[in-house]
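Everything below concerns the one structure shown next.
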Amino acid sequence: MESKPSTTPSSFIDQQVFPGDVVLDLSKMANQTIKLGGGLRQDGDVISVMKAGKLRFSKPNKYWVESSNKRYVPSAGDNVLGIVVDAKADNFLVDIKGPTLAFLPVLAFEGGTRRNIPKFEMGTLLYVRVVKANTGMNPELSCMDASGKAAEYGPLKEGFMFESSTGLSRTLLSSPTCPVLETLGKKLAFEIAVGLNGRVWVNAASPSIVVLVANTIMKTESLSPVQQKIKVESLMQRMR
Amino acid sequence: MDLEREGGRGANQLRPIDCSRNVLSRAHGSASCSHGETRVLAAVYGPKAGTKKNENPEKACIEVIWKPKSGQIGKPEKEFEMILKRTLQNICLLNVHPNTTTSIIVQVVHDDGSLLPCAIHAACAALIDAGIPLKYLAVSISCCLTESGKILLDPNKLEEQKTKAFVCLAFPSSVHSVLTEGSINGIITSLTHGVMAGLCLFFNTVDDYFQCVEQGRAAITPLSNILKKKLQSQSAE
């Protein structure tokens, strides 16, 4: 392999990286704290890439690899859509598209006591928050926010849920508002819940609006913002 | 004396390689790879909870299922499964998701020689597509040894059947690095078949093998670049 003496970490930022690529040499950066996000690992004195994707950097010292997959890697603080698989004595077992099932404690609801445990059937769709996600352990969920209030978490009734990639979820949740949602929102009235694990739930007054919103989101995933606006407007024209 | 190869290929020349990701909509990761006429499709499901009974629960478990183009599953398929499993176990990071199983299903679409390298490339691309953490990628090459002692890279089916010996090697791929020195050395997998009889004395056989390894190593960097370019052009939005 030929050596590249002029390669600095900044030349890899916003570039496509593959597993095995070495992006940082820690022996050259003394007395600095670096935060590593997903997709990177420390291998002795170097930081190398675990997953293929774009390397991102945010000041002052955070590096991570951004990739879009069909499966989700649980991390604390994320809002996800889970499906109840089983109910045990202390927890509900919830599938969040991760490597293992997640536990939702039976008391993790606002005003939850042993007397008013909610009854979720198998297949119930829930909007939950990931509280803990450590390697080797099942992730823990909660239907309350950090201060103990219910805050929109809980079962989602009616509507339609579809699955897509984690990249699409991040685009839909980006701020400023993603062009697709903005253009759809100007003419249509609908409710939407986006889980960072690649699940999206849509609800509206009539099924045709739900179908239109869901199809639009799925079809415009790989388009640029300008193309998205054009495509959305053409799809809405067909409806009127 | 087979000095002329089909299509006018040189001894060190590889067939055109094509690789595409995300070909199956239901699989968590999928890829299709072709070396000339040989085509292999790979699908990855996982990581899923739970390991098999005799596997170490502190590590992730990898399961390979090899599906031939036709016929029932027998010993040759089991052998391919075992080889692929050992190769992939070397490149995957097994302690990121302990107590999980990742299943890789390899379907042979057409076999025109050099099947195992094609399968290794397809499986690696499918693992990348699924987002399974990897240490590095594997590139693989097969070479066959003619009676005159010549080494031909990437043989097709006719060449494989005519020659007496063939070797299949898998190496860690070349990487982009900020380090100025230190590349990954070593061989991940080596599979030999047949008798390498040199023309004169006995010790030629070992030299022939090492020469195959050297020629294979020389082909790592161009092969890695081709694969990365193919995979890159699809993931960029």
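All heavy atoms count here, side chains included; hydrogens, waters and symmetry mates do not. In what follows, every chain begins at residue 1, and chains take the letters A, B, ... in the order their sequences are listed.
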Open item on the list: Does any backbone or side-chain atom of A60(B) lie under 4.5 Å from a heavy atom of chain A? Answer side chain, backbone, both or neither.
Closed with: neither
Open item on the list: For I132(B), which atoms come within 4.5 Å of any heavy atom of chain A: side chain, backbone, both, or neither?
Closed with: backbone
Open item on the list: I need the T102(B) OG1 to R71(A) CZ distance, nearest 0.5 Å.
Closed with: 10.0 Å
- [ ] Specify the closest pair of heavy atoms between G136(A) and P98(B), including all atoms of both residues, with the distance to one decimal.
- [x] CA-CG, 3.6 Å
Task: Euclidean distance, N69(A) CG relative to I128(B) CD1, rounded to 0.5 Å - done: 11.0 Å
Open item on the list: Need one label for K228(B): side chain, backbone, both or neither, based on atoms under 4.5 Å from any heavy atom in chain A.
Closed with: both
TODO: Determine whether more than 12 heavy atoms belonging to other residues, nucleotides or ligands lie under 6.0 Å from atom CZ of R56(A).
DONE: yes
TODO: Could you look at L134(B) and say if it's the side chain, the backbone, both or neither that has a heavy atom under 4.5 Å from chain A?
DONE: both
Task: NZ on K97(A) to NE2 on H28(B), rounded to 0.5 Å - done: 7.5 Å
Open item on the list: Can you tell me how far apart SG (C124(B)) and CZ (F18(A)) are? Round to the nearest 0.5 Å.
Closed with: 12.0 Å
Task: V49(A) portion near chain B, given a 4.5 angstrom heavy-atom threshold - done: backbone
Open item on the list: Tell me whether the count of non-hydrogen atoms from other residues, nucleotides or ligands lying under 6.0 Å of CE in M218(A) goes above 12.
Closed with: yes
Open item on the list: What part of H97(B) gets within 4.5 angstrom of chain A, counting heavy atoms only: side chain, backbone, both, or neither?
Closed with: side chain
Open item on the list: Measuring from atom NZ of K70(A) to atom CG of D129(B), what distance do you get when rounded to the nearest 0.5 angstrom?
Closed with: 6.5 Å
Task: CD (E182(A)) with more than 12 external heavy atoms under 6.0 Å - done: yes
Task: Part of S67(A) within contact of chain B (heavy atom distance under 4.5 Å) - done: neither
Open item on the list: With a 4.5 Å cut-off on side-chain heavy atoms, are M50(A) and K135(B) touching?
Closed with: no
Open item on the list: Using 0.5 Å steps for rounding, measure from the CG atom of D21(A) to the OG atom of S173(B).
Closed with: 8.0 Å
